[in-house]
Asker: 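Take a look at this one; I'll ask things after.
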Amino acid sequence: EGFNHLLLDLSALNHLSGEQMGALTAIRSACEAKDLDVAMFGLSKQVRFVASMMADMELPPALEAVDTEAALAEVGES
């Protein structure tokens, strides 16, 4: 019971630093350890590009959604 998704709203980020990517990787690992799905939404074009180039870092998956309601719908929780 409870929650099964952690949705990370990155809409306030204009860029993605190495430290932020490290934090996102740690969040994904922690969620996987708890059998919790995690995804990012609200990514700017630049953040989406950097995240796609760093696929080997095992960042959380990026949703197409730009807001919380759309992110919930995209993961089937609306």
Side-chain angles (χ1 to χ4, degrees):
E1 300 303 319
F3 300 102
N4 58 1
H5 288 93
L6 175 63
L7 298 174
L8 305 171
D9 182 354
L10 301 187
S11 61
L13 295 181
N14 294 323
H15 68 281
L16 200 53
S17 70
E19 187 174 318
Q20 291 165 327
M21 287 187 283
L24 289 168
T25 300
I27 290 169
R28 181 177 180 167
S29 295
C31 287
E32 287 175 351
K34 299 284 185 183
D35 200 27
L36 183 68
D37 292 328
V38 61
M40 309 179 291
F41 72 95
L43 280 66
S44 70
K45 195 180 235 183
Q46 183 177 359
V47 170
R48 187 174 296 279
F49 174 76
V50 171
S52 71
M53 299 309 301
M54 304 306 287
D56 61 325
M57 284 196 71
E58 297 190 26
L59 298 173
L63 302 178
E64 294 297 322
V66 295
D67 60 37
T68 304
E69 186 175 331
L72 288 169
E74 195 168 332
V75 298
E77 292 290 326
S78 60

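Just so you know, residue 1 is the first one in the sequence shown, and it goes up from there. In what follows, every heavy atom counts, from backbone to side chain, and hydrogens, waters and symmetry copies are set aside.
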Asker: I'd like to check the side-chain contact (heavy atoms from CB on, under 4.5 Å) partners of D67; sequence neighbours left out, ordered by chain and number.
Answerer: E69, A70

Asker: Can you give me every donor-acceptor pair (side chain of residues 29-42, partner residue at least two apart or in another chain, under 3.5 Å) with its distance?
Answerer:
from: S29; atom 1: OG; to: T25; atom 2: O; distance (Å): 3.2
from: E32; atom 1: OE2; to: R28; atom 2: NE; distance (Å): 3.0

Asker: Do M57 and L8 share a hydrophobic cluster (ILVMFWY, side-chain heavy atoms under 4.5 Å, transitive)?
Answerer: yes

Asker: Would you mind reporting whether T68 and L7 have side-chain heavy atoms less than 4.5 Å apart?
Answerer: no

Asker: Is there a side-chain contact between F49 and M53 in this structure, where contact means two heavy atoms from C-beta onward sitting under 4.5 Å apart?
Answerer: yes

Asker: Does one hydrophobic cluster hold both L6 and L43, with members joined at side-chain heavy-atom distances below 4.5 Å?
Answerer: yes

Asker: Roughly how far, to the nearest 0.5 Å, is the CG atom of L24 from the CG atom of L13?
Answerer: 8.0 Å

Asker: Sequence neighbours excluded, which residues qualify as side chain to side chain donor-acceptor pair (under 3.5 Å) partners of D9?
Answerer: S11

Asker: According to salt bridge (Lys or Arg N to Asp or Glu O under 4.0 Å), who are the partners of E64, at least two apart in sequence or on a separate chain?
Answerer: R48

Asker: Which residues pass the side chain to side chain donor-acceptor pair (under 3.5 Å) test with Q20, sequence neighbours left out?
Answerer: S17

Asker: Does E74 use its side chain to pair, donor to acceptor, with the backbone of L63 at less than 3.5 Å?
Answerer: no

Asker: Sequence neighbours excluded, which residues qualify as side-chain contact (heavy atoms from CB on, under 4.5 Å) partners of V50?
Answerer: L16, M21, M54

